[in-house]
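The structure appears right after this line, and notes come after that.
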Amino acid sequence: SPTPCEKTPIPIPTPSPTPCEETQTPSPTPCEETPSLTPSPTQKCDDHCKFSIGTGCLNFFPTDTAVTDPISSSIISVGHVDQTKEAYVCDGENYVLLSQYKPIGLSQDFSPSLFKSFGVDNRGICEMSGIGHEKLQGNQHEYLSGMKVVLPLGAYQRLNEECQVIENVHPQNDFEDCVSFEVCKGR
């Protein structure tokens, strides 16, 4: 017999909804997929981000300025990024929040705001943002070198072809509205 969430033919007329049909109740049923506003700590290290940086690799220097090309997408023109959330790093097979990444031997914990967006000079064409970072402390660079990172965008502008803002976006999904990149190897 089918499980409660398997699709089964619905007899007509149906006197009452089955467990998998939409109901009038405001609470989710066991069969509904409820979007998670906070990613699972076991999010696999796959790339589901909408956005990227041109170089694909983030340099350690300089600090407190964009060290990448502008954040881009093949389907969305991204303008100024008003807010970024705490980054996730790939620790083995799963992503973990940067501030919770505590490998043995790390001399100082990572700041939740280490990676962030900074304005990029796009020759005066559009106001855009790239990715940069705060100053690394202690031996942090040793643990970030070559690391895969996902930086969720908290608020950004969507632009039209004339670089005019057509929408201010406040995304909910950290592993969709994000920028993925690798930290360049070396110091």
Evaluate Leu144 against Phe110 for side-chain contact (heavy atoms from CB on, under 4.5 Å), listing each step before the verdict. CA-CA 10 Å; Leu144 287 178; Phe110 291 103; 3.6 Å; yes

Spell out, as yes or no, whether a donor-acceptor pair under 3.5 Å connects the side chain of [X] to the backbone of [Y].
X: Ser129; Y: Val81; answer: yes
X: Gln140; Y: Leu106; answer: no
X: Asn139; Y: Gly105; answer: yes

Indicate whether any N or O donor in one side chain lies under 3.5 Å from an N or O acceptor in the other, for [X] and [Y].
X: Asn168; Y: Tyr156; answer: no
X: Glu86; Y: Ser113; answer: no
X: His80; Y: Glu127; answer: yes

What is the minimum heavy-atom distance between [X] and [Y], and which atoms define it?
X: Pro171; Y: Gly154; value: CD-O, 3.4 Å
X: Val67; Y: Gly132; value: CG2-CA, 4.1 Å
X: Gln137; Y: Ser107; value: O-OG, 4.5 Å
X: Val120; Y: Thr68; value: CG2-O, 4.4 Å
X: Gly79; Y: Leu159; value: CA-CD1, 3.4 Å
X: Cys90; Y: Met147; value: O-SD, 3.0 Å

Distance check, rounded to the nearest 0.5 Å: [X] atom [atom1] versus [Y] atom [atom2]?
X: Leu151; Y: His133; atom1: CG; atom2: NE2; value: 12.5 Å
X: Leu98; Y: Tyr143; atom1: CG; atom2: OH; value: 14.0 Å
X: Asp69; Y: Ile131; atom1: CG; atom2: CD1; value: 11.5 Å
X: Ile76; Y: Ile166; atom1: CD1; atom2: CD1; value: 9.5 Å
X: Ser77; Y: Gln164; atom1: OG; atom2: CD; value: 12.0 Å
X: His48; Y: Asp174; atom1: NE2; atom2: CG; value: 13.5 Å

Would you say NZ of Lys102 has more than 12 non-hydrogen atoms from neighbouring residues, nucleotides or ligands within 6.0 angstrom? yes

Decide yes or no on side-chain contact (heavy atoms from CB on, under 4.5 Å) for Val149 and Glu182, but give the supporting numbers first. CA-CA 6 Å; Val149 179; Glu182 185 176 305; over 6 Å; no

For side-chain contact (heavy atoms from CB on, under 4.5 Å), just list the numbers for Phe51 and Val78, CA-CA rounded to whole Å, side-chain angles, deciding distance to a tenth of an Å, and then say yes or no. CA-CA 9 Å; Phe51 308 108; Val78 181; 3.3 Å; yes

Do Val169 and Ile75 share a hydrophobic cluster (ILVMFWY, side-chain heavy atoms under 4.5 Å, transitive)? yes

Check the hydrophobic clustering (I, L, V, M, F, W, Y; side-chain heavy atoms under 4.5 Å; chains of links allowed) and say if Phe118 and Leu136 are grouped together. no

Mind listing the side-chain donor-acceptor pairs of residues 57-66 below 3.5 Å, one per line with the distance, residues two or more places apart or on another chain?
none

Any Cys49 side-chain heavy atom under 4.5 Å of Val150 side chain: yes

Under the ring pair (Phe, Tyr, Trp, His ring centres under 6.0 Å) rule, what do Phe181 and Phe115 come out as? Steps first, then yes or no, please. CA-CA 11 Å; Phe181 56 90; Phe115 295 108; 5.6 Å; yes

Pair Phe175 and Tyr95, ring centroids less than 6.0 Å apart: yes

Among pairs that include at least one residue of residues 145-163, which meet salt bridge (Lys or Arg N to Asp or Glu O under 4.0 Å), considering only residues two or more places apart or in two chains? Arg158-Glu167

Any salt bridge (Lys or Arg N to Asp or Glu O under 4.0 Å) involving residues 73-83? Give me the pairs, sequence neighbours left out, ordered by first then second residue. none

Gln83/His170 under side-chain contact (heavy atoms from CB on, under 4.5 Å): CA gap, chis, key distance, verdict: CA-CA 9 Å; Gln83 176 192 15; His170 300 277; 5.6 Å; no

